[in-house]
Amino acid sequence: MRATPGLLHKGFFGRSLDEFKRLSNIALKMEGIKGPSGPLPLHTFEDPSGVTDCKLMCDVDIGGYSKASLDWVPAAQQDNDPSTKPSLRHMPTPAHARFHGSISTALPPHRPDIQRSGFAAWRTLDRPPTVFGRAVWDIDMYTYLALRVKSDGRAYFVNVQTESVVPSDLHQHRLFARRAGEWETILVKWNDFVRTNHGFVVEPQTEMLRQKVKSIGIGLTDRVPGPFELCIQSMWATNNPNEADNHEEVSQAADAGEGQLKNKAGKNIKWSED
């Protein structure tokens, strides 16, 4: 599945017209009653604007020493990425974003208030306003978030931010990539995301505000020093479990796996597809 390119860098009235067309299309198709007629594109990296419409974050912002970049890579007739398995390098590579760098857990010497470092992340920018208000994604009618990625096998998290009462809240879930160095489509149930704040699980849990999703991104917080690389082609919302390349394997991994998220008691959070 290839998401259509976003309508980027338009003026206020151009964005408003696009939003009017989108809402009218939903009403005409009666999607609120019948359900969505197909997948909902969220973000794609098939052109450079996909990267410029994202924000990069790293512990260097607080004096740390990790390094991170988010680069756009054009499509090619064959995959020349050295991280790709040799048997797959003859395959064409799609246009995508390359999230890469190096994690360092060294603390800044002149910042005694900083007790923890070693993270890198990116997220989509908040969508600009229209005459209907600030644009958000309404994924309430969808079961899964789908991501087309190529991972190095490290423990990445998917981060979703909504128009929450607490602006610093994030909804997070492990990105269970199963084939390091290969392109794969991964599905995550929207209902399985965990509400967190500053890296800790919030209790009591509250349901994600699915009608008002502001941004989606990916972060690496395993605090394992060394290089990292994750390539991503696109993200979309879907109701079709068969879009996943490894749906059954991901479910098994989620049932058994533990991420780096902890509750206030310091216990690891176990992920489950149930």
Side-chain angles (χ1 to χ4, degrees), residues 54-70 99-126 145 147 149 151-177 186 188-210 212-230 232 235 253-254 256-273:
C54 291
K55 178 181 180 180
L56 185 67
M57 297 160 284
C58 182
D59 63 39
V60 71
D61 299 331
I62 59 171
Y65 297 95
S66 297
K67 297 179 181 179
S69 299
L70 186 67
F99 176 48
H100 64 102
S102 181
I103 294 296
S104 170
T105 57
L107 298 175
H110 305 299
R111 291 288 304 275
D113 56 312
I114 303 299
Q115 300 295 320
R116 187 180 179 89
S117 66
F119 70 87
W122 63 268
R123 69 170 180 87
T124 57
L125 294 175
D126 293 348
L145 168 65
L147 307 97
V149 301
S151 173
D152 57 6
R154 293 187 64 155
Y156 296 90
F157 275 87
V158 183
N159 303 318
V160 176
Q161 190 172 27
T162 68
E163 288 192 348
S164 170
V165 175
V166 183
S168 56
D169 276 357
L170 280 180
H171 294 270
Q172 297 186 286
H173 197 285
R174 271 284 304 274
L175 182 67
F176 283 105
I186 298 172
V188 182
K189 286 183 178 179
W190 291 107
N191 284 343
D192 285 349
F193 278 85
V194 176
R195 180 181 166 221
T196 68
N197 193 292
H198 295 294
F200 289 96
V201 175
V202 176
E203 297 292 351
Q205 284 286 302
T206 56
E207 187 176 353
M208 181 192 298
L209 188 57
R210 295 159 59 104
K212 295 186 177 182
V213 173
K214 291 174 55 178
S215 69
I216 303 174
I218 293 177
L220 181 62
T221 58
D222 61 6
R223 304 189 73 247
V224 177
F228 67 89
E229 179 177 280
L230 177 82
I232 178 163
M235 303 181 291
E258 291 187 357
Q260 284 72 45
L261 286 182
K262 299 179 183 293
N263 58 25
K264 291 295 185 179
K267 295 182 179 180
N268 286 335
I269 297 298
K270 291 186 177 182
W271 304 98
S272 174
E273 290 286 318

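Sequence positions, counted from 1, serve as the residue numbers for this chain.
- At distances below 3.5 Å, not a single donor-acceptor pair connects side-chain atoms of S168 with backbone N or O atoms of N197.
- Side chain of Q205 to backbone of R195: a donor-acceptor contact under 3.5 angstrom is found.
- The shortest distance between side-chain heavy atoms of V188 and F193 falls below 4.5 Å.
- Note that the NE2 atom of H100 and the CZ atom of F228 stand 8.0 Å from one another [nearest 0.5 Å].
- Among all heavy-atom pairs drawn from T105 and P225, the shortest one is OG1-CG, 4.0 Å.
- To the nearest 0.5 Å, atom CG of residue L175 and atom CG of residue L147 are 6.0 Å apart.
- With sequence neighbours excluded, no residue forms a side-chain hydrogen bond (donor to acceptor under 3.5 Å, both in side chains) with R223.
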Could you go step by step and tell me if I62 and F119 meet the side-chain contact (heavy atoms from CB on, under 4.5 Å) rule?
CA-CA 11 Å; I62 59 171; F119 70 87; 4.2 Å; yes

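- In this structure, N159 and R123 have side chains that are not in contact, with every pair of non-hydrogen atoms separated by 4.5 Å or more.
- In this structure, OG in S164 is found 11.0 Å from CE in M208, a value given to the nearest 0.5 Å.
- Here CZ of R154 is found 6.0 Å from OH of Y156. Values are rounded to the nearest 0.5 Å.
- The backbone N or O of L170 lies less than 3.5 Å from a partner atom in the side chain of T196, making a donor-acceptor pair.
- Side-chain atoms of Q161 come within 3.5 Å of backbone N or O of P167 as a donor-acceptor pair.
- For the atom pair S215 OG and D126 CG, the distance stands at 6.0 Å (nearest 0.5 Å).
- Using a 4.5 Å heavy-atom cutoff, the side chains of L230 and L220 are not in contact.
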- request: List the steps, then state whether side-chain contact (heavy atoms from CB on, under 4.5 Å) holds for R210 with N191.
  value: CA-CA 9 Å; R210 295 159 59 104; N191 284 343; 3.0 Å; yes

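- Using a 4.5 Å cut-off on side-chain heavy atoms (C-beta onward), T124 and M235 make contact.
- Contact check for F157 versus R174: side-chain heavy atoms found under the 4.5 Å cut-off.
- For A68 against A120, the heavy-atom pair with the smallest separation is CB-CB, 3.8 Å.
- In this structure, L70 and L56 approach most closely via the heavy-atom pair N-CD2, 4.1 Å.
- A distance of 11.5 Å separates CG in D59 from OG1 in T221, rounded to the nearest 0.5 Å.
- Evaluation of the side chain to side chain contact (heavy atoms under 4.5 Å, CB included) rule for S104 yields Y65, S66, A106 as partners, not counting sequence neighbours.
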